[in-house]
Participant: 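Sharing a structure below in structure tokens format, with a few things to ask.
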Amino acid sequence: MASVTFEQVTKRFDDFVAVNNLNLEIEDGEFLVFVGPSGCGKTTSLRLLAGLESITAGQICIGDRPVNHLSPKDRDIAMVFQSYALYPHMSVYENMAFSLQLQGIKKGEIRKRVQGAAAQLGIEKLLHRKPKELSGGQRQRVAVGRAIVRKPAVFLMDEPLSNLDAKLRVQARKEISKLHQDLNTTFVYVTHDQVEAMTMGDRIAVMKDGILQQVDSPSNLYNHPSNMFVAGFIGSPAMNFFEVEQAISNGKPSLKLAENLISIPDYLPQFMVDGGVTFKDRPLTLGIRPEDIYHPQYLPADIVTIAIKATVNLLEMMGNELIVYLETANQIEFVARFDPRATVKQGEALNVLWDVNRLYLFDREMETVLM
Ligand code: ATP
């Protein structure tokens, strides 16, 4: 077990900055997930930690030890790659034993570790098979087993589930979470899949264009995103965004969304209510998640709402939820997630209800959250 620290870490490929001044402390035993769209720098961050890429500037520590100049084998880490990278000519047993043999560990100890890991992963009966004789899920477990036997201080995983079908991925997700609990070791995990990140991570580091946007618990990322990128990235369907203007309605500060005036509730920050100092006259963007928009017949008790009149453009019945694409008279489009029992027809006009306590407000230019 060990903590991991990125201190002002930058990685350049020629002129291109793939990781830009990354500061991140991963606690001993934590499950930290790097997430973000393709090309955001998450794999490069992991490869810097693994020692597979050199660091342009800054320092990485594993425990108290700076590792910038240590080769991968001396960093006390084990990595599971997206491709699994199993040796095709070796059996499962040999694949799992190989790195231990290189370390000069005695045969009896190797057998004990391989059999222990195989039992933990339910692959004892596959030890004699070659990788080509395994299913995708079995190969993934062998790759994990090969990491476990090394008893590293830190496990690094780069999209280890992306080659599995949807059902197997859900199962493998649970298995890796369970493994983390059992091993009680630091895990650093890379994925582009926000569901994987939300279900597995103790904390999630969201990256964009090489820059860490926010690192937080899954529920804080969902409920308190620090900017529009994180707000839009976490949650599916994604948060709806609208350009709004500040206005005064009946003497009270309001937000104007086309012809709809949304009065600003009293609990909102003083800068808006008192006429504003900092953000007065700044362009604003309003956000609301699809699940915070309700069909009038399925409104939970105690929710304060505003009604927005809209026409149904498209419906997606998912069984457990009804995804509804709506449009106001002035062509403002948004998505709602309704109770699946709601009876809604394409082309129908209805007053949908927005939960005013779940509205987000962003500075449109800086993209930072205001509320
Ligand atoms: P993906 O999910 O597609 O793997 P990622 O977030 O993991 O994306 P990285 O692999 O970290 O992204 O790459 C970040 C950026 O750095 C990308 O624009 C990529 O093209 C660039 N990059 C990565 N490796 C190299 C390299 N060896 N030489 C030049 N550019 C590179």
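Start at 1 and go down the list; that is how both ligands and their atoms are numbered.
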Participant: Below the 3.5 angstrom mark, is there an N/O of G41, backbone or side chain, next to an N/O of ligand 1?
Facilitator: yes

Participant: State which residue, out of Q82, R173, K42, E196, fulfils the side-chain hydrogen bond (donor to acceptor under 3.5 Å, both in side chains) condition with T191.
Facilitator: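 For T191, the side-chain hydrogen bond (donor to acceptor under 3.5 Å, both in side chains) check succeeds only for E196.
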
Participant: Taking the side chain as C-beta and beyond, is there a heavy-atom pair between L49 and F34 under 4.5 Å?
Facilitator: no

Participant: Does the ring centre of Y189 sit less than 6.0 Å away from the ring centre of F31?
Facilitator: yes

Participant: What is the nearest protein non-hydrogen atom to atom 8 (O) of ligand 1, stated with its residue, atom name and distance?
Facilitator: G39 N, 2.7 Å

Participant: Taking H192 for its side chain and V35 for its backbone only, find out whether a donor-acceptor pair lies under 3.5 Å.
Facilitator: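 Answer holds: no.
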
Participant: Establish, from distance only, whether the side-chain atoms of E175 and Q171 form a donor-acceptor pair under 3.5 Å.
Facilitator: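 Side-chain D/A pair, E175 to Q171: present.
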
Participant: Say whether P37 and ligand 1 are in contact under the criterion: heavy-atom distance to a ligand atom below 4.0 Å.
Facilitator: yes

Participant: To check your reading of the model: name the closest protein heavy atom to atom 2 (O) of ligand 1, its residue, and the distance in Å.
Facilitator: K42 NZ, 2.7 Å

Participant: For atom 19 (C) of ligand 1, what is the nearest protein heavy atom, given as residue, atom name and distance?
Facilitator: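 For this ligand atom, the closest protein heavy atom is F16 CE2, 4.6 Å.
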
Participant: With distance as the sole test, does H224 use its side chain to make a donor-acceptor pair with the main-chain N or O of S219 at under 3.5 Å?
Facilitator: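 Not confirmed, H224 side chain does not pair with S219 backbone.
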
Participant: How far is atom 11 (O) of ligand 1 from the closest protein heavy atom, and which atom is that?
Facilitator: T44 OG1, 2.5 Å

Participant: Spell out, as yes or no, whether a donor-acceptor pair under 3.5 Å connects the side chain of K11 to the backbone of S54.
Facilitator: yes

Participant: Considering only non-hydrogen protein atoms, determine which one is nearest to atom 7 (O) of ligand 1 and report residue, atom name and distance to 0.1 Å.
Facilitator: T43 OG1, 2.7 Å

Participant: Which residue owns the protein heavy atom closest to atom 23 (C) of ligand 1, what's the atom, and how far is it?
Facilitator: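 Residue, atom and distance for the closest contact: F13 CE1, 3.5 Å.
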
Participant: If you take the nearest heavy atom of each of G36, A18, C40, S38, which one is closest to atom 6 (O) of ligand 1?
Facilitator: C40

